[in-house]
Amino acid sequence: MSVQENIRRLDSQGVPGREIARRLGVSRSSVTKYADQVDYSPEPPAPLARRGASVLTGFEHIIEAWLAEDQRRNRKQRHTAKRVFDRLVDEHGFTGTYSPVQRFVKKWTARNRIAGEGFTELVWPAGTAQVDFGQAEAIIAGIRQVLHLLVVTFPFSNMRFVQAYRGETAECVCHGLRKVFEHIGAAPRHLVFDNATGIGRRVGTKVVESKLFGAFKLHYRSESRYCNPYSGHEKGNVENAVGFLRRNLMVPEPEAATLAGLNDVLLARCDALAATTHYRKGLVLGELFVQDRAASLALPGVGFDPVRYESRKADKTGNLLIDGNTYAAGSSFHGRMLTVGLRHDVVQILDEHSAPVRSFDRVFGRQATTIFDPASLVPLLVTKPGAWSHSPLRALVTDPVRDWLDKAAATDRRRLLNAVDAASGSAGFDAAMAAADTLIRRGDTPDMAALGMLARRLAHGTEPAAANVDLSVYDTFTTLNTGTGEVA
């Protein structure tokens, strides 16, 4: 029983104050204080006031003027407490420490905060998805790469899905969304983005979407909405999911033979999250996600092909400039107007009749050298064999083929290159070069007939592996029969 309770109990029994003090061993003033107290109702804790920061005397009006001016500035270019302290020291000879300045700025900010500042909790209905990009490293085919993670979350159920790409273009967004839609078997009714990165551009408060993403929305009948600038909290579910998936799915760095293989693994690991419990609703995510799917739209009978077609004119060497990188269509296409099909992983070049000409792996970022198909350079070298010594093709062939072409006369060089060109059409460039390498190593003449036949056999896997053959068995047929004196 507390001393206060004993005081009030004895007082209620009529015991004099002097006697209460003697029995409990407390002072008379303490007895009087607690016996006469009328209200014991709980009161809110009162903050302990710190001793006055006298070192700021004379500087308060300067700080307040700076902070008041900040209200008209961009929020990212306002004074921090550290900046206020630095200016006081540099411009006004302030000799105090940082702590009183920090406390003063904190009090001023709290006192002058606008009532409408802060955040409100948002309610997300089922069938709504939030979309955002993040970055993480992975090892693809033994090469460490920085990948862009397209994260799609459903705030109602907190289910999260991710796909990795080498860029953040509209083709990547549309391809990733299609993969997620087909994986879950439905298309969300509403897609929420933080800005127009990849799928359009923002002009003031208006967002102009790309034609490709507009066609994507028409295909799946989904609607899009964009957060206000600098308002990532409006889609906080996907913002948190980017960090969560990076920490849990990308640590340590995953390894895969191909990017497509990595994406299949990522979807499988996202499915495993369905067995976890919602952080607030207390239900299994998979059970809540059933409602998300039920509120979404049915998929159309055919998947959307996320490809963007653009017209490009080839220069005098047959090269095209695409997203800052140079792709070689071939010298025969110089000066011609061609069509370029851009997908998330492939750049396809088509001629004036929309017939495919070349196909390349898409390169993101800037590459200093021209991206080309080796087979496209051979016809020009047939016409101009003297250009062989400075051709990009020279570094791609094997040493025997390179040495042979370096030493060959122009006529012989043209003959071999013509044979490689003819064989590439039916067997492929790699098989044609492998055939040339084999013939040269054997010491045979790499003419068109022999090279073409060997290239086709190599392409179809019918060329037997070379092996050492023991011919000594045939010596028995050429030995002299000692009995008859005739050759056996």
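No hydrogens, no waters, no symmetry mates; every other heavy atom, side chains included, goes into these values.
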Quiz item: Side-chain contact, heavy-atom cut-off 4.5 Å: Ser359 with Val346?
Solution: yes
Quiz item: Looking only at atom types and distance, does a side-chain atom of Arg308 sit under 3.5 Å from a main-chain N or O of Glu171, one as donor and one as acceptor?
Solution: no
Self-check item: Test applied, side chain to side chain contact (heavy atoms under 4.5 Å, CB included); reference residue, Tyr309; option that passes from Leu212, Leu350, Val340
Solution: Leu350
Exercise. Could I get the full list of ring pair (Phe, Tyr, Trp, His ring centres under 6.0 Å) partners for His148, not counting sequence neighbours?
Key: none
Quiz item: Cation over ring, Lys281 on Phe156, under 6.0 Å and within 45°?
Solution: yes
Quiz item: How long is the span from the CG atom in Asn418 to the CG atom in Asp447, to the nearest 0.5 Å?
Solution: 11.5 Å
Exercise. Taking the side chain as every heavy atom from C-beta outward, state whether Glu255 and Glu253 have any atom pair closer than 4.5 Å.
Key: no
Exercise. Taking side-chain contact (heavy atoms from CB on, under 4.5 Å) as the test, write out the residues that go with Thr370, two or more places apart.
Key: Asn319, Thr326, Ala328
Practice problem: Not counting sequence neighbours, which residues clear ring pair (Phe, Tyr, Trp, His ring centres under 6.0 Å) with Phe289? List them please. | Solution: Phe154, Phe161
Practice problem: Kindly compute the distance separating CG (Leu273) from CG (Asn158), expressed to the nearest 0.5 Å. | Solution: 9.0 Å
Exercise. Using the side chain to side chain contact (heavy atoms under 4.5 Å, CB included) rule, take Ser296 and Tyr220 through it: C-alpha gap first, then chi angles, then the decisive distance, then the call.
Key: CA-CA 11 Å; Ser296 299; Tyr220 290 102; over 6 Å; no
Quiz item: With sequence neighbours left out, which residue pairs that include part of residues 315-335 fulfil the salt bridge (charged side-chain N to carboxylate O under 4.0 Å, His left out) condition?
Solution: Asp323-Arg362
Quiz prompt | Candidate pair Cys270 and Leu249, rule side chain to side chain contact (heavy atoms under 4.5 Å, CB included), full reasoning | solution = CA-CA 9 Å; Cys270 288; Leu249 272 62; 3.9 Å; yes
Exercise. Quick one: closest heavy-atom pair of Gln291 and Ala126, and the distance?
Key: O-CB, 3.7 Å
Quiz item: Would you say Glu352 has more than 12 foreign heavy atoms packed within less than 6.0 Å of its CD?
Solution: yes
Quiz item: Just by distance, with hydrogens left out, do Asp406 and Trp388 show a side-chain donor and acceptor under 3.5 Å apart?
Solution: yes
Quiz item: Passes side chain to side chain contact (heavy atoms under 4.5 Å, CB included), Met250 versus Leu266? Steps please.
Solution: CA-CA 9 Å; Met250 307 296 289; Leu266 291 177; 4.0 Å; yes
Exercise. Supply the atom-to-atom distance Leu147 CG to Ile140 CD1, rounded to the nearest 0.5 angstrom.
Key: 5.5 Å
Exercise. State, without any angle test, whether Arg166 and Gln145 hold a side-chain donor-acceptor pair at a distance under 3.5 Å.
Key: yes
Quiz item: Which value, rounded to the nearest 0.5 Å, describes the distance between Ser222 atom OG and Phe216 atom CZ?
Solution: 6.5 Å
Exercise. Check Lys217, Arg201, Arg225 against Glu209 for a salt bridge (Lys or Arg N to Asp or Glu O under 4.0 Å) and give me the one that passes.
Key: Lys217
Quiz prompt | Any side-chain heavy-atom pair of Leu405 and Leu417 under 4.5 Å | solution = yes
Exercise. Check whether any side-chain N or O of His183 sits under 3.5 Å from a backbone N or O of Asp271 as a donor-acceptor pair, and report yes or no.
Key: no
Quiz prompt | Distance-minimising heavy-atom pair for Ala435 and Leu451 | solution = CB-O, 3.7 Å
Quiz item: With distance as the sole test, does Arg144 use its side chain to make a donor-acceptor pair with the main-chain N or O of Ile139 at under 3.5 Å?
Solution: no
Quiz item: What heavy-atom pair brings Asp292 and Ser157 nearest, and what distance separates the two atoms?
Solution: OD2-OG, 2.6 Å
Practice problem: Without swapping roles, check the side chain of Ser210 against the backbone of Ile199 for a donor-acceptor pair under 3.5 Å. | Solution: yes
Quiz item: Between the main-chain N or O of Gln135 and the side-chain N or O of Arg246, is there a donor-acceptor pair closer than 3.5 Å?
Solution: yes
Self-check item: NZ/NE/NH1/NH2 to OD/OE distance under 4.0 Å, Lys407 and Asp403
Solution: no
Quiz prompt | Thr277 vs Leu283 side-chain heavy atoms within contact, under 4.5 Å | solution = no
Self-check item: Main-chain N/O of Val397 paired to Arg402 side chain as donor or acceptor, under 3.5 Å
Solution: yes
Self-check item: Reported CG-to-OG1 distance for the pair Asp444 and Thr438, which is rounded to 0.5 angstrom
Solution: 10.0 Å
Quiz prompt | Phe193-Phe133 aromatic ring centre distance below 6.0 Å | solution = no
Self-check item: CG/Asp90: more than 12 non-hydrogen atoms of other groups inside 6.0 Å
Solution: yes
Quiz prompt | Exercise: identify the closest heavy-atom pair between Leu285 and Arg160 | solution = CD1-NH2, 3.7 Å
Practice problem: State the CD-CG distance between Glu223 and Leu191, to the nearest 0.5 angstrom. | Solution: 9.5 Å
Quiz item: Do Val242 and Leu149 have side-chain heavy atoms sitting under 4.5 Å apart?
Solution: no
Practice problem: Mark yes or no for whether Asp132, through its side chain, and Val151, through its backbone, hold a donor-acceptor pair below 3.5 Å. | Solution: no
Self-check item: Closest non-hydrogen atom pair between Leu297 and Pro188, with its separation
Solution: CD1-O, 4.4 Å
Quiz prompt | Short side-chain to backbone donor-acceptor contact, Ser424 and Val420, under 3.5 Å | solution = yes
Quiz item: Mind checking whether Val131 and Leu177 have side chains closer than 4.5 Å, heavy atoms only?
Solution: yes
Self-check item: Pairs flagged by ring-ring contact (aromatic ring centres under 6.0 Å, His included) wherever residues 327-348 is involved - sequence neighbours left out
Solution: Tyr165-His344, His175-His344, Tyr327-Phe360
Quiz item: Any side-chain heavy atom of Leu393 sitting closer than 4.5 Å to one from Phe429?
Solution: yes
Exercise. Begin from the C-alpha positions of Arg312 and Ile349 and carry the test side chain to side chain contact (heavy atoms under 4.5 Å, CB included) through to its verdict.
Key: CA-CA 9 Å; Arg312 291 284 191 278; Ile349 300 177; over 6 Å; no
Exercise. Would you check if Met433 and Val401 make a side-chain contact, meaning some heavy-atom pair closer than 4.5 Å?
Key: yes
Quiz item: Is the side chain of Asn325 donor-acceptor paired with the backbone N or O of Gly365 at a distance under 3.5 Å, no angle test?
Solution: yes
Quiz prompt | For Arg178 against Pro306, the heavy-atom pair lying closest together | solution = NH1-CD, 4.4 Å
Quiz item: For the side chain of Glu137 and the backbone of Val146, is there at least one donor-acceptor N/O pair under 3.5 Å apart?
Solution: no
Quiz prompt | Pairs involving residues 342-351, ordered by first then second residue, that meet salt bridge (charged side-chain N to carboxylate O under 4.0 Å, His left out) (sequence neighbours left out) | solution = Asp305-Arg343
